[in-house]
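In what follows, a structure is listed as structure tokens, so that the remarks can point back to it.
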Amino acid sequence: MLDIQLLRTQPEDVARRLATRGDEIDFTPFNALEAERKSLQQRTQDLQAQRNSLSKQIGVLKGKGEDASAVMAEVGQLGDELKASEARLAVLLEEITAFTSALPNLPGDDVPVGADENDNVEIKRWGEVPVFDFDIKDHVDIGAGLNGMDFETATKLTGSRFVVLQGPVARLHRALAQFMLDTHTAEHGYTELYAPYLVNSASLYGTGQLPKFAEDLFQVPRGEAEPYYLIPTAEVPVTNIVRDTITPAEQLPLKWACHTPCFRSEAGSGGRDVRGLIRQHQFEKVELVQITAPEQSAQAHEDLTRHAETILEKLGLPYRRIVLCTGDMGFSSQKTYDLEVWLPAQNTYREISSCSNFGSFQARRMQARFRNAQGKPELAHTLNGSGLAVGRTLVAILENYQQADGSVRVPDVLQPYMGGIKVLSAQA
RNA sequence: GGAGAGGUGGCAGAGUGGUCGAAUGUACCUGACUCGAAAUCAGGCGUACUGCAAGGUACCGUGGGUUCGAAUCCCACCCUCUCCGCCA
């Protein structure tokens, strides 16, 4: 959510900056709502003040045992207008909130302006793209050859976009998550977290998935009660830890690492990435979350992105970092780096991590604050990034480390997690 | 799932229709005393909106209702605790 003061005082500027995201916002209805709100709120509060003062008089008179009927008649005349004013004001405030909570975040000043993913800017590349002297396979064929990856059975169990992993491939998948968590906690200063996989709508509103993106979520009905939702990312439960709290400044930054499954309905992703592990309804991710003071967040964003890159480097996977342009950023983000890993079978880089600084956008929705040097509560900044998406990392390893006989080398850093296994082969 | 109790300021805890945004204790901040500290004493100490200011308004789990007036009464929901049952 954007600062409503900003919307009131410089709507043209806000509209201009949102336009760079491709969102053409007409502030005319907002300005009209605000104008009515302002006068009506003053009038309502004035009436409330009169009522309060007269009611107090009634109390005093009755306390003395005197007759209060004259004053009661007077205050009774306020009643109808007051009720109408309060009701209308509630409607106005609801409409204003509906408008503001649907506005995306403002792009940072240093974010390149662009229309879509073609305007993203590559920042760096790391690693040597492997050269193969044999006909390479994609991860689906490699996985099948290892007898470790079965999409047909998963389709029987559930439906499309699910998978069953088996044997050493399943173990490698687990090893990756363990390795990522261990690295972030031991070397990057994050505290490990275990968090709920089902959340309520307030949490999803806090991080910005609701109200606009309900169709991307799996909902769990609970009869009469409010539904729960399967988390689309650990960002939701972890960031919402600080919802409605005031954190002492000396505890910042909060740094959390959390490994969870993620569930996405992938509505509207139609025929994209139907083959393989790239786009599933359920996948594992190790998420990094930081809660910082405003002046710390830009540096924290750089640090957090480096933490994710470190995983790729330790695994020896070639990648590049791009900065998303204004038109390609997520709803809540102020600035986003994507890390893209090299996938030989696709002959291209594919997203494996997305690291964002949300500024105060989520914090304002969540009322996540800290006590600043003046002792006053102030909105914190929130950040998160994948460190990394486990399923896609598995894909990258299978494809980049494949050998002519269909076996796959295990990266050195993972071997301790694999009981010393150095190569995955069909016999293993 | 059944029965009961309860949700008030950082924490503890009073308040069952009127001058209550809310006693008291504690924690915290400032000052006095002290070489310094402890103890003691005095003062301060929620959030948000609005106003140049004085001030005004809202908030006692959430949402409705009754009333001139609600922390207090009524209804629904959420959550917590205790006991019983069930259970990874």
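Computed over heavy atoms, backbone and side chain alike; hydrogens, waters and symmetry mates excluded. The structure displayed is predicted, hence computed values, not measured ones. Proteins get letters first, then strands, A, B, ... in listed order; numbering begins at 1 in each.
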Compile the donor-acceptor pairs under 3.5 Å between side chains in residues 26-43 of chain A and protein atoms, sequence neighbours left out, one pair per line.
{"from": "A:Asp26", "atom 1": "OD1", "to": "A:Thr28", "atom 2": "N", "distance (Å)": "3.0"}
{"from": "A:Asp26", "atom 1": "OD1", "to": "A:Thr28", "atom 2": "OG1", "distance (Å)": "2.6"}
{"from": "A:Asn31", "atom 1": "ND2", "to": "A:Phe27", "atom 2": "O", "distance (Å)": "3.3"}
{"from": "A:Glu34", "atom 1": "OE1", "to": "A:Arg8", "atom 2": "NE", "distance (Å)": "2.8"}
{"from": "A:Glu34", "atom 1": "OE1", "to": "A:Arg37", "atom 2": "NH1", "distance (Å)": "2.6"}
{"from": "A:Glu34", "atom 1": "OE2", "to": "A:Arg37", "atom 2": "NH1", "distance (Å)": "3.3"}
{"from": "A:Glu36", "atom 1": "OE1", "to": "A:Arg88", "atom 2": "NH2", "distance (Å)": "2.9"}
{"from": "A:Glu36", "atom 1": "OE2", "to": "A:Arg88", "atom 2": "NE", "distance (Å)": "2.8"}
{"from": "A:Glu36", "atom 1": "OE2", "to": "A:Arg88", "atom 2": "NH2", "distance (Å)": "3.1"}
{"from": "A:Arg37", "atom 1": "NE", "to": "A:Gln41", "atom 2": "OE1", "distance (Å)": "2.9"}
{"from": "A:Arg37", "atom 1": "NH2", "to": "A:Gln41", "atom 2": "OE1", "distance (Å)": "3.3"}
{"from": "A:Ser39", "atom 1": "OG", "to": "A:Glu36", "atom 2": "O", "distance (Å)": "3.2"}
{"from": "A:Arg43", "atom 1": "NE", "to": "A:Glu81", "atom 2": "OE2", "distance (Å)": "2.7"}
{"from": "A:Arg43", "atom 1": "NH2", "to": "A:Glu81", "atom 2": "OE1", "distance (Å)": "2.9"}
{"from": "A:Arg43", "atom 1": "NH2", "to": "A:Glu81", "atom 2": "OE2", "distance (Å)": "3.0"}

Using a 4.0 Å heavy-atom cut-off across all strands, classify A:Gln5 as base, sugar-phosphate, or nothing. sugar-phosphate

By nearest-nucleotide position on RNA chain B, the 5'-leaning member of A:Ile246 and A:Val75 is A:Ile246

So which nucleotide does B:G43 pair with, by the Watson-Crick or G-U wobble rule with both distances under 3.5 Å? B:C29

Where along residues 38-55 of chain A does a heavy atom come under 4.0 Å from RNA chain B, residue by residue in number order? A:Lys38, A:Gln41, A:Gln45, A:Gln48, A:Ala49, A:Arg51, A:Asn52, A:Ser55

Parallel under 30°, tilted from 30 to 60°, perpendicular over 60°: which one fits the rings of A:His281 and A:Phe218? perpendicular

Residue A:Tyr228, side-chain heavy atoms: nucleotide from B:C79, B:U47, B:C68 that is nearest: B:C79

Using a 4.0 Å heavy-atom cut-off across all strands, classify A:Arg371 as base, sugar-phosphate, or nothing. sugar-phosphate

Keeping the roles fixed (side chain from A:Arg264, backbone from A:Asp216), state whether a donor-acceptor pair exists under 3.5 Å. no

Checking all strands, does A:Arg364 fall into the base, sugar-phosphate, or nothing category for heavy-atom contacts under 4.0 angstrom? nothing

So, A:Arg243 and A:Ser203: side-chain donor and acceptor under 3.5 Å apart, yes or no? yes

Are the ring centres of A:Phe361 and A:Phe331 closer than 6.0 Å? yes

Count the heavy atoms belonging to other residues, nucleotides or ligands that lie under 6.0 Å from OH of A:Tyr228, then report whether that count exceeds 12. no

